[in-house]
Chemist: 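Here it is, the structure, as structure tokens.
Chain letters run A, B, ... following the sequence lines, proteins first and then strands; every chain starts at 1.
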Amino acid sequence: MAGYDFKRIEAQWQERWDRDNVYGVSDDMSRPKYYVLDMFPYPSGTGLHIGHPEGYTATDIISRYKRMCGFNVLHPMGFDAFGLPTERQAMVENIHPAIITERNIATFTRQLKAIGFDYDWSRSVNTTSEDYVRWTQWMFLRIYNAWYDTSAQRARDISELPIPADITDPHDVELYRDAHRLAYIANIPVNWCEALGTVLANEEVDEWKEKGYTVERRPMRQWMLRITAYADRLLADLDTLQWPSSTLDMQRHWIGKSEGAQVHFGVDGTTHTVTVFTTRPDTLFGATYLVLAPEHPLVDHIVSESHRADVASYREAAALKSDLERTELSKVKTGVFTGAYAVNPATGTPVPVWVADYVLAHYGTGAIMAVPGHDERDHEFARTFGLPIVQVVAPANGEAFDVHAAAFVDDGVGMHSANAEVSIDGLPTDEAKRTIINWLTTSGNGTSRIQFKLRDWLFSRQRYWGEPIPIMYFEDGTRRALDADELPLRLPEVAEFKPAGTGESPLATVPEWVDFVDAKTGKRAKLETNTMPQWAGSCWYYLRYADPYNTDAFCSTERERYWLGQTGVDLYVGGGEHAVLHLLYARFWHKVMYDFGYVSSTEPFRRLFHQGLILGEDGRKMSKSLGNTINPDHVIRDHGADALRLFEMFLGPLEASKPWNTKGIEGITRFLQRVWRLIVDENDELSPLVKDAPCTPDQAFVLHSTIKKTREDIENLSFNTAIAQFMIFVNEFTSATVRPRVAMESFVLCLAPFAPHLAEELWMRLGKTTSVVLEAFPTVDETALVKSEVEIVVQVNSKVRGKVVVPAGADQAALEAAAQTDENVRRHLDGKQIRKTIVVPDKLVNFIVG
RNA sequence: GCAAGAGUGGCGGAAUUGGCAGACGCACUGGACUCAAAAUCCAGCGGGCUCACCCCCGUGCGGGUUCGACUCCCGCCUCUUGCACCA
């Protein structure tokens with residue numbers, strides 16, 4: 001018996017699609033567009049993972065469906081190919097990362113093509129290609145040559161930055177501009193490992209520490225992007241997005257807006273002032289000490305001679321701790337007294353100033369007023385070091401509370417909070433905050449303040465395999481950004497990819513690349529040796545797909561307006577692990593481009609969907625060490641691409657994590673065989689049961705239910721239930737002795753987005769000569785879905801006692817009468833009084849008896 | 001600790017303006033075909049009972065609302081993910 005020969009069929013149709021360029025995307029702007037995007041993969045050396053085809057199949061189904069519905073569909077694929085693993089592999093194998101990248105991309109492309117996705121490969125992008133790097137650098141320079149105009153709430157060109165009248169020296173003007181650019185240089189603590197001679201990423205720190213290396217937090221010169229300028233807009237615009245609510249929440253939390261006040265505390269015997277941020281200004285009267293972060297610049301200035309040594313050693317120890325170690329919750333709080341006292345502006349009382357690493361340098365002002373009576377952390381610290389605890393807020397319900405036993409952190413009413421100028425005694429927390437902020441402002445002791453958790457983006461990496469930052473420095477200390485016509489700035493060819501050992505990137509070891517005479521100015525110059533992080537390329541790739549060959553712009557205005565338009569990408573599917581960083585960074589870049597008119601939407605991705613993880617058969621995360629991985633190549637070899645596609649969609653809801661099941665894919669293979677047998681007989685010819693006959697009413701009902709469900713489920717990304725409906729269809733028609741041709745044709749079209757190879761073959765077997773890809777999706781005949789008779793449930797005292805068939809739309813009296821004809825129902829009603837009857841038309845009758 | 005999501009047969013899952021719980025598939029059991037097996041086809045498949053009927057119980061646990069709750073409300077438990085001293 002011939003059966004469904006997936007090997008031959010899949011190879012043949014993939015070749016035909018390629019030959020006929022079936023998936024070529026035209027920029028025909030007269031048609032409505034639909035842009036569906038996958039998160040592009042990092043082409044790792046291990047090849048495609050079984051999880052990749054999950055999201056990709058989902059978007060493939062959507063794109064095929066939308067195309068069949070008449071949309072001009074853009075469904076592109078590319079590679080996010082800069083990255084550390086490739087650089088490491090290059091060092092190990094002593095092969096240039098570009099070659100490894102090329103090899104890995106070839107593998108990925110072959111694997112993706114074998115699954116039969118409808119990507120227009122001619123639009124593929126590769127973030128490491130010179131053509132792409134050029135525009136990534138161009139985007140960086142657009143950000144670099146910009147400042148944020150807070151009053152206009154938008155970025156503007158740096159040439160429009162108003163220069164204060166007292167700054168006249170050209171050098172000072174440049175410094176002023178540099179201080180306002182959206183890309184700037186700052187000294188930022190990074191994870192420096194002296195022994196390795198390199199800066200480590202946060203996730204690498206523990207790995208190396210376990211091996212016995214010392215990693216220290218050391219401030220180093222870094223490029224930063226001023227994403228915090230956009231904090232308000234990044235937060236507000238989340239409300240316009242159709243994203244998973246958990247992702248929206250995570251972004252909101254990450255941006256972390258909180259309202260409060262800054263309060264100034266003068267340091268006794270000095271001219272210094274410690275400014276703190278607090279969200280509870282109403283507890284100011286309860287602030288019994290101050291804490292500075294170990295990195296706070298004021299520490300050195302206020303520390304008393306007798307405490308200088310203790311403070312210095314504490315600060316050194318803090319620098320050796322990783323972020324992770326410093327935030328270990330279980331750990332006991334540590335700190336040292338500086339010997340200095342500051343004055344609480346509300347009470348006039350001197351309060352001791354401490355240094356402790358439970359205060360973070362990078363949040364707020366890097367200093368806090370400690371209110372141990374009403375903050376758990378301060379309470380714990382005060383108990384440890386015997387600092388005073390006073391109560392200034394009482395529970396609103398009037399109950400007593402012992403703040404010496406535990407902090408009272410809830411809102412309440414003020415107490416012990418009055419001085420000659422202001423009193424908040426008896427005021428509820430909200431009002432107390434407003435009152436105290438008013439007083440702070442008028443008395444010059446503070447101001448209201450909105451604080452964000454979001455920090456500026458550390459944008460430089462000391463790596464080889466990334467985009468060079470296109471900036472040069474002259475001997476006189478000035479610098480120049482490359483002009484657009486000088487891009488791309490290419491990476492030098494090098495033999496070694498090891499770090500320079502000085503904290504600089506491997507590029508610093510290539511003097512002939514670093515040192516040169518600038519052709520435009522004729523001056524000696526040195527190039528920036530830092531490269532960009534991997535996030536850079538993925539910040540704008542969705543724009544490049546719209547116009548991948550443009551050499552004059554990253555994307556023409558015309559094509560941006562057509563493919564992105566007001567809504568941006570219509571649907572973006574990818575893993576939840578990118579819920580914060582990638583999506584936040586891309587939104588930031590998009591908004592900068594929006595401010596300069598390069599894109600027309602405020603947000604890049606209107607609708608977002610996260611596919612779930614595919615787990616191993618044992619229900620655990622797939623990993624080589626557990627030996628529970630599944631190789632997509634093997635699945636395709638044994639079961640075919642259509643089976644892989646269908647099975648991954650049938651496993652369960654797209655968003656859920658679900659285990660792989662080898663037996664399950666055999667079930668899908670069986671289903672595909674049954675589909676085949678529906679249309680093709682044992683002699684490999686069109687089944688004689690397929691006839692030019694009309695559907696019976698039951699057949700029409702199943703057919704149109706299937707069309708309707710397929711349409712709805714695709715729109716909702718509920719592919720598992722659509723496939724269940726396909727199975728119902730096949731079960732129904734397998735047992736039929738007449739399989740109307742019209743039903744077979746419509747079914748093949750419904751199946752086409754899911755199992756395109758099989759659908760093409762069957763479409764041809766049904767006598768068609770055109771590709772199923774370009775056919776119109778079948779429409780629902782609602783009249784076929786209307787049943788003349790319906791089965792209704794009959795309950796007695798809310799328990800099901802029988803079922804009766806009645807004409808559809810029967811009225812209440814008819815339903816009640818029909819319900820009582822059921823024998824079992826009659827038995828339950830027998831001898832009892834019907835007290836009430838509930839009737840739901842076409843569904844149910846419920847008799848309540850007493 | 002905080003936030004979000006989830007808990008339904010042996011397994012993956014289906015069912016939401018509150019109306020037949022368990023669609024569809026897997027596994028399993030029985031039957032047909034076969035010398036036999038595989039494949040295929042047919043039937044059964046939540047638990048209980050006096051086992052074809054009838055009846056009782058059943059969607060993590062305990063309450064509540066309702067004629068009626070997987071679905072809504074209150075309180076717990078467990079799991080997953082994310083964040084985690086953010087003042």
Chemist: I'd like to know if A:D830 pairs up with A:R827 as an ion pair, taking the criterion as any Lys NZ or Arg NE/NH1/NH2 lying under 4.0 Å from an Asp or Glu carboxylate oxygen.
Modeler: no

Chemist: Answer with base, sugar-phosphate or nothing: what part of the nucleic acid does A:V359 contact at a heavy-atom distance below 4.0 Å?
Modeler: base

Chemist: So that I can tick it off, tell me whether A:D239 and A:R252 are bridged by a salt bridge, with the cut-off set at under 4.0 angstrom between side-chain N and carboxylate O.
Modeler: yes

Chemist: For the side chain of A:T279, counting heavy atoms from C-beta on, which of B:C67, B:C24, B:A87 is nearest?
Modeler: B:A87

Chemist: Quick check for you: among B:C54, B:A14, B:A23, whose closest atom lies nearest to any side-chain atom of A:I728?
Modeler: B:A23

Chemist: Tell me, for nucleotides 16-22 of chain B in 5' to 3' order, what letter each nucleotide earns: B for a base near a protein heavy atom under 4.0 Å, S for only sugar-phosphate near one, - for neither?
Modeler: ---BB--

Chemist: Between A:T365 and A:H828, which residue's closest nucleotide on RNA chain B lies nearer the 5′ terminus?
Modeler: A:H828

Chemist: Collect all protein-nucleotide pairs involving nucleotides 80-83 of chain B in which both atoms are nitrogen or oxygen and the distance is under 3.5 Å.
Modeler:
{"unit_1": "B:C83", "atom_1": "O2'", "unit_2": "A:H253", "atom_2": "ND1", "d": "3.3"}

Chemist: Using a 6.0 Å cut-off, check whether atom CD of A:E376 has over 12 heavy atoms from anything other than its own residue.
Modeler: no

Chemist: From C-beta outward on A:K658, which listed nucleotide comes closest to its side chain: B:A14, B:G12, B:A87?
Modeler: B:G12

Chemist: Find every protein N or O atom lying less than 3.5 Å from an N or O atom of nucleotides 70-72 of chain B, and list the pairs.
Modeler:
none

Chemist: Under 4.0 Å, heavy atoms only, any strand: does A:G364 hit a base, just the sugar-phosphate, or nothing?
Modeler: nothing

Chemist: Got a donor-acceptor pair under 3.5 Å from the side chain of A:K333 to the base of B:C85?
Modeler: yes

Chemist: Let's see if you can work this out: which of B:A87, B:G13, B:C54 has an atom nearest to the side-chain heavy atoms of A:N720?
Modeler: B:G13

Chemist: So A:F385 and A:F381, would you call those rings parallel, tilted or perpendicular, with 30° and 60° as cut-offs?
Modeler: tilted

Chemist: With a non-hydrogen cut-off below 4.0 angstrom, is A:P244 in contact with a base, only sugar-phosphate, or nothing?
Modeler: nothing

